[in-house]
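Since we're looking at a predicted model, the values are computed, not measured. The sequence lines fix the lettering, A, B, ..., with proteins before strands; numbering per chain opens at 1.
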4 protein chains.
Amino acid sequence: MKPKDEGKIDEIYTATLALVKEQGLAGITMSQIARKAGFATGTVYIYFANKDELIVKLFDKCINDYTRDHFAGYDPSAPFKVAFHTIWMNMLRYSIEHFHEMVFIEQCFHSPFISEATRKATKDRLLPWRELIERGKKEKLIKQVDASWIMLFVRGSVRDLVKHCAYHQLKITNEFRETMFEMCWDGIRD
Amino acid sequence: MKPKDEGKIDEIYTATLALVKEQGLAGITMSQIARKAGFATGTVYIYFANKDELIVKLFDKCINDYTRDHFAGYDPSAPFKVAFHTIWMNMLRYSIEHFHEMVFIEQCFHSPFISEATRKATKDRLLPWRELIERGKKEKLIKQVDASWIMLFVRGSVRDLVKHCAYHQLKITNEFRETMFEMCWDGIRD
Amino acid sequence: MKPKDEGKIDEIYTATLALVKEQGLAGITMSQIARKAGFATGTVYIYFANKDELIVKLFDKCINDYTRDHFAGYDPSAPFKVAFHTIWMNMLRYSIEHFHEMVFIEQCFHSPFISEATRKATKDRLLPWRELIERGKKEKLIKQVDASWIMLFVRGSVRDLVKHCAYHQLKITNEFRETMFEMCWDGIRD
Amino acid sequence: MKPKDEGKIDEIYTATLALVKEQGLAGITMSQIARKAGFATGTVYIYFANKDELIVKLFDKCINDYTRDHFAGYDPSAPFKVAFHTIWMNMLRYSIEHFHEMVFIEQCFHSPFISEATRKATKDRLLPWRELIERGKKEKLIKQVDASWIMLFVRGSVRDLVKHCAYHQLKITNEFRETMFEMCWDGIRD
DNA sequence: GATGAATGAGCCTTCATTCAT
DNA sequence: CATGAATGAAGGCTCATTCAT
């Protein structure tokens with residue numbers, strides 16, 4: 001008996017992400033995905049009930065990875081700026097290494113695939129990040145501004161920088177990283 | 001093709017933008033657009049040769065408006081920070097008042113509708129903005145960082161802030177505007 | 001403007017019935033139906049939301065016609081045997097002239113298309129027929145047997161006779177009609 | 001192909017008949033059959049080359065049983081009415097005890113599975129039944145009517161009565177049997 | 001010009017059949 | 001033999017586009 005090969009799920013995910021990056025959510029087809037992943041159309045339906053489920057499950061996985069990666073090596077007891085730096089760099093790294101995922105998540109937010117509920121659930125996963133910002137405010141290290149605004153300010157700038165680099169095939173140097181970090185930091189510090 | 005009723009084009013545009021905001025580029029259909037605009041499917045084809053042309057023309061119009069609006073009331077001979085403030089506020093205002101357009105542009109960037117050439121042509125239109133940044137660098141008012149990075153840093157943060165406000169139906173107060181401006185400004189100033 | 005041509009519905013029905021007679025409900029396809037009716041596949045979907053709806057609506061129409069036709073020229077105040085004769089002949093005529101419909105109804109009864117509720121609703125429509133049988137019993141003209149059994153005895157024999165004739169392309173003469181009627185009548189009379 | 005486990009064939013048959021009764025020939029799938037029979041899809045293909053063969057062989061088996069059962073305990077030398085009674089009761093018993101088979105046979109007649117030839121071959125198997133009818137005519141015990149008509153008259157009424165009982169879960173009493181027999185008999189006797 | 005019915009190519013999905021284990 | 005994952009042809013349905021009114 002041939003057991004279900006769960007590894008195929010990742011191949012399907014990878015193929016989907018690549019196609020969405022190239023063509024957007026509009027216009028990708030199940031047969032394209034299957035072809036790119038290297039098997040027959042029907043095979044995709046062994047692992048996913050339908051296109052919708054494939055997109056939604058991939059979305060969930062991406063959101064999971066995205067939020068989890070923020071906190072790699074994060075030590076909440078470290079000094080604020082150190083902790084902030086850790087998360088900021090994680091955010092940057094994820095965006096660079098998972099550019100396809102970033103694009104996919106963005107496209108999903110305005111699509112018939114993702115429900116309002118899913119959209120809203122996403123932000124709860126970044127609670128420790130929000131708490132860190134609040135701590136920074138309490139320690140008078142950063143501006144007394146609504147934490148959401150700080151978070152968005154940081155994420156928005158990171159995202160557009162990464163996109164730019166991705167589109168223009170720029171290598172992202174350590175110098176770039178630190179320069180960008182300084183800009184963010186200067187923007188929010190008290 | 002010289003249609004009598006030029007206003008219909010705008011109604012088609014408005015309908016399209018609203019639908020894309022709700023459902024993304026994926027899943028909008030010509031008949032949906034027509035219905036939302038208030039006329040028959042065939043009518044859309046009197047004003048646009050096909051779906052592709054509709055999307056591309058709307059994209060062009062959006063990019064045009066977007067870039068043009070940056071420079072409303074912009075006086076290149078004003079002091080740097082004043083000029084920068086003008087453009088920054090224009091950018092913010094556009095993003096707020098034309099949220100649908102912003103979403104649409106974003107979705108188009110990863111879609112089969114927009115070619116690589118179109119994508120790249122966009123940035124030429126912001127030349128005066130780039131020149132202003134270069135001037136700020138020369139006047140040692142802002143950091144000695146690649147102008148593109150400054151531009152992206154600014155735009156990215158503005159975009160995510162506006163998105164957040166749009167999704168959460170937050171009113172955007174003058175206090176908010178100035179606070180955000182301060183963050184951007186502190187981020188880039190020397 | 002091209003108005004919806006309701007006549008197309010009948011053409012679709014006719015095509016469907018012919019195909020079901022030839023191939024059974026199993027194996028008829030929407031494109032076959034469309035081709036036989038003489039238009040494109042998509043056209044069928046202008047008049048019916050999906051295959052299911054097409055089958056169910058056709059089934060309803062057939063049941064309607066079938067039951068209605070029983071009572072053509074039926075005079076409840078006529079002597080029992082005359083009234084019975086009228087309905088019996090109507091039943092026979094319908095089965096002969098609407099052989100396709102008969103086959104279709106039969107196939108639907110054991111199909112995923114027809115619900116239990118629909119199945120049960122059908123028999124209510126033959127109430128006057130049942131009442132006539134009850135009257136015959138009261139007048140001691142026919143056997144004191146459950147009315148359903150009488151009805152089924154009659155319908156079953158008629159159906160199989162008609163099927164036989166249809167399959168063997170036999171002409172149905174008046175002599176045949178009267179002979180068959182006599183058999184039925186002798187079977188149930190007291 | 002000499003499969004070890006001949007019993008599996010019967011399980012496949014039983015599963016198929018049950019499914020056809022529930023859903024009709026339309027809409028039954030090989031995997032449904034396999035699941036209902038209790039093994040894997042591929043297993044069915046060890047015993048039958050394909051779906052077509054499965055249906056046709058089952059059809060043949062059903063027709064065989066059906067016709068064979070007519071003549072259980074049948075003594076051609078018995079008086080006509082006794083012999084007729086025997087066969088009539090056999091026919092009724094089969095229809096009751098093999099209701100699924102009856103439905104299946106009926107569905108097959110209008111399906112792409114059964115050829116015209118198969119359809120016609122069926123009736124040859126009832127030759128002794130036809131001969132008995134002819135004998136009854138010669139003995140002036142029954143009406144001088146085409147034997148086929150007599151046979152169909154009898155079979156049709158039996159079938160619909162049984163269907164009715166099956167659908168309404170009625171118990172079939174001996175009284176019912178004899179009453180029905182009387183109706184048939186009165187219908188055909190001279 | 002405006003309409004919306006008609007068209008048919010193409011997408012999602014199912015399912016008969018095969019085949020590696 | 002038995003299994004059920006893999007395959008891909010074919011069917012249901014959608015939707016961009018055309019065209020008769």
Look at the side chain of Y66(D) and the backbone N and O of M102(D), then say whether any donor-acceptor pair between them is shorter than 3.5 Å.
no

Whole-Å distance, Q32(D) CD to dG4(F) P, equals 17 Å

query = K8(A) side chain N/O closer than 4.0 Å to the phosphate oxygens (OP1, OP2) of dA5(F)?
reply = no

note: L19(C), atom CG; dG12(F), atom P; distance rounded to Å ~ 12 Å

Go through F109(B) and V103(A) one step at a time and tell me if the side-chain contact (heavy atoms from CB on, under 4.5 Å) criterion holds. CA-CA 10 Å; F109(B) 265 90; V103(A) 171; over 6 Å; no

Of dT7(F), dT3(E), dA2(F), the nucleotide closest to the side chain of I46(D) is dA2(F)

- Task: Classify the ring geometry between Y167(B) and H110(A) as parallel (under 30°), tilted (30 to 60°) or perpendicular (over 60°).
- Result: tilted

Per nearest nucleotide of DNA chain E, the residue lying toward the 5' end, V44(B) or N50(D), is V44(B)

From NZ of K51(B) across to P of dT18(F) the rounded distance in Å is 15 Å

When rounded to the nearest 0.5 Å, the distance separating CD1 of I105(B) from CZ of R159(B) is 9.0 Å

Contact class for F48(C) vs. all strands (heavy atom < 4.0 Å): base, sugar-phosphate, or nothing?
nothing

Quick note, Y47(B) side chain, CB onward, closest among dG1(E), dG8(F), dA6(E) is dG1(E)

Between CD1 of I55(C) and P of dG11(F) the distance, given in whole Å, is 15 Å

When rounded to the nearest 0.5 Å, the distance separating CD1 of I28(B) from CD of E22(B) is 10.5 Å

Dot-bracket for DNA chain F, 5' to 3', Watson-Crick and G-U pairs with both distances under 3.5 Å, [ ] for crossing pairs, | for partner on another strand, reads .||||||||||||||||||||

In whole angstroms, the gap separating C1' of dG12(F) from CD of E53(C) amounts to 14 Å

(request) Look at all strands and tell whether I28(D) reaches a base, only sugar-phosphate, or nothing, counting heavy atoms closer than 4.0 Å. (result) sugar-phosphate

Using a 4.0 Å heavy-atom cut-off across all strands, classify Y45(A) as base, sugar-phosphate, or nothing. base

Taken to the nearest whole Å, CD1/I12(B) to C1'/dA2(E) is 12 Å

5'-most contact on DNA chain F (nearest-nucleotide basis), T41(B) vs G42(C), goes to G42(C)

Whole-Å distance, D5(C) CG to dA20(F) P, equals 15 Å

Picking from dA6(F), dT7(E), dT3(E), the nucleotide nearest the side-chain atoms of T43(B) would be dT3(E)

dist I33(B):CD1 -> L19(B):CG (nearest 0.5 Å) comes out at 6.5 Å

| message | Does the structure place the NZ or CZ of K8(D) under 6.0 Å from the centre of the six-membered ring of Y47(D), at an angle of no more than 45° from the ring's axis? | response | no

Heavy-atom nearest nucleotide on DNA chain F taken for K4(A) and for M30(C); more 5' hit belongs to K4(A)

When rounded to whole Å, the CZ to C1' distance for the pair R35(C) and dA6(E) reads 17 Å

Report task. Identify whether any heavy atom of T29(C) sits under 4.0 Å from a base atom; if not, whether one sits that close to sugar-phosphate; answer base, sugar-phosphate or nothing. Result -> sugar-phosphate

Discussion item. Do I55(D) and F104(D) have side chains that approach each other closer than 4.5 Å (heavy atoms only, starting at C-beta)?
Written reply: yes

